[in-house]
Number of protein chains: 2
Amino acid sequence: MFSKACEYGIKASIFIAVNSREGRRVNPKEIAEEIDSPQAFTAKILQDLVRANLINSVKGAYGGFEINKNEISKIKLSQIVRAIDGDRIYNGCGLGLHTCDETHPCPVHDKFKLVRKELKDLLENTNLEQLALNIKSGASFLKI
Amino acid sequence: MFSKACEYGIKASIFIAVNSREGRRVNPKEIAEEIDSPQAFTAKILQDLVRANLINSVKGAYGGFEINKNEISKIKLSQIVRAIDGDRIYNGCGLGLHTCDETHPCPVHDKFKLVRKELKDLLENTNLEQLALNIKSGASFLKI
DNA sequence: TTTATTTCGGATAATTTTATCCTATTTATA
DNA sequence: TATAAATAGGATAAAATTATCCGAAATAAA
Ligand code: FES
Ligand code: FES
């Protein structure tokens, strides 16, 4: 469904959001521990998210990654996924035809549209604040 | 979503079904042409499907791949996907946690369940006969 | 029985994805 | 200004997926 890179990117973003809400910056080591991911690889993905302007990085001593407090609720999961996996999840054909095209549908097109609709709904209507709050309250988990 | 191998496997199965309905065996060369896939790789996937007892192979001259006429409507997409990609699509966590567990959910678990439900519906309630008929009638396509 | 045809299966190669390592650059603080 | 602490980024490496090749085994028909 999502690439490993994307899974790590989503979980890292949530962990950063949890901490940024409390004014704390975090570094790749902490992040990788909290989301159970390979540290250096995770750091690379964080770079992508910084370049996509979804998170901020601060170099040097006392630096780390953070998200602007009043941005947290504005960042949708879709933006993170798009920054890492592109939008094949939105536009790609379920059976790999060059394009998903209503007028030239693959055999599963009609039902696949429903799957994609549900996924789109998940990605478009979920923001980092909601996810951070659920982590904070212990309603959901980032690892194991 | 599905692996390339699985995409090829699904499309190949449909093409075989279309032809088996008309009493015709097909070989990897034809199949690869009709579904626009690499021939040798497709042949490997066909072997998997044979081993999973979803399609039959006949060796030697005038051989090829076929599906028992009265099996065609009984083969569900889920069986093909399971034979090639396993059942991570059914049981896997959307964010890569070790297991998808109601009592230890990842941040997207609740909404991801709906996506999976839709996908399950697609896979469980679609059989090769329906798909073959749609190809035959020109309502759907296996390539481009 | 011989031949031509076809799948089977193992070995290998290419590509993509995932992961690691090391140095350069930036920056806060002493 | 010197130092220590961080991220940035390039170069590799490892692993998984995708793809190719070739000889062996099976089989139908001549
Ligand atoms: S054409 Fe395949 S999903 Fe739309
Ligand atoms: S725990 Fe992640 S989808 Fe269920």
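Computed from heavy atoms alone, side chains included, the values below leave out hydrogens, waters and symmetry copies. Computed from a predicted model, the values in this text were never measured in an experiment.
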Rounded to whole Å, please give me the gap between CG in B:D36 and P in D:dT18.
16 Å
Work out which heavy atom in B:G9 is nearest to a heavy atom in B:I45; give both atom names and the distance.
CA-CG2, 3.8 Å
Using the closest heavy atom to pick a nucleotide of DNA chain C for each, name whichever of A:A40 or B:V50 lands nearer the 5' end.
B:V50
Using the 3.5 Å cut-off, write out each protein N or O paired with an N or O of nucleotides 9-13 of chain D and the distance between them.
residue, atom, partner, partner atom, Å
D:dG9, OP2, A:R51, NH1, 2.8
D:dG9, N7, A:K44, NZ, 3.4
D:dG9, N7, A:Q47, NE2, 3.1
D:dG10, N7, A:K44, NZ, 3.4
D:dG10, O6, A:K44, NZ, 2.4

Shortest non-hydrogen pair, A:A5 vs A:F41, comes out as CB-CZ, 4.0 Å
Rounded off to whole Å, could you give me the CD1-to-C1' distance for the B:I45 and D:dT18 pair?
9 Å
Electrostatic pair B:E129-B:R21, nearest N-O below 4.0 angstrom
yes
Min side-chain heavy-atom separation B:Q47-B:V50 under 4.5 Å:
no
Expressed as a whole number of angstroms, how long is the span from B:Q39:CD to D:dT20:P?
9 Å
Ignoring hydrogens, what is the shortest heavy-atom contact between B:L119 and B:F2? Give both atom names and the distance.
CD1-CZ, 4.2 Å
Ignoring hydrogens and geometry beyond distance, is a side-chain donor-acceptor pair present between B:T99 and B:D101 at under 3.5 Å?
no
Footprint ends on DNA chain C, 5' to 3', for atoms under 4.0 angstrom from a heavy atom of chain B, come out as C:dT5 to C:dA11
To the nearest angstrom, the CZ-C1' distance between A:F41 and D:dT7 comes to 18 Å
Would you give a per-nucleotide map of nucleotides 24-30 of chain D, 5' to 3', where B means the base has a protein non-hydrogen atom under 4.0 Å away, S means only the sugar-phosphate does, and - means neither?
--BBSS-
Over how many whole Å does the gap from B:K29 atom NZ to D:dT20 atom C1' extend?
17 Å
Would B:K143 and B:E34 pass as an ion pair if we require N to O under 4.0 Å?
no
Tell me the side chain to side chain donor-acceptor pair (under 3.5 Å) pairs involving residues 107-116 of chain A, sequence neighbours left out?
A:E102-A:H109, A:E102-A:K113, A:K111-B:T126
Scan residues 125-144 of chain B for pairs that pass ring-ring contact (aromatic ring centres under 6.0 Å, His included), counting only residues two or more places apart or in two chains.
A:H104-B:F141
Compare every heavy atom of A:A32 with every heavy atom of A:Q39, then report the nearest pair and how far apart it is.
CA-CB, 3.6 Å
Among all residues two or more places apart in sequence or in another chain, which pass the side-chain hydrogen bond (donor to acceptor under 3.5 Å, both in side chains) test with A:R24?
A:N19, A:E22
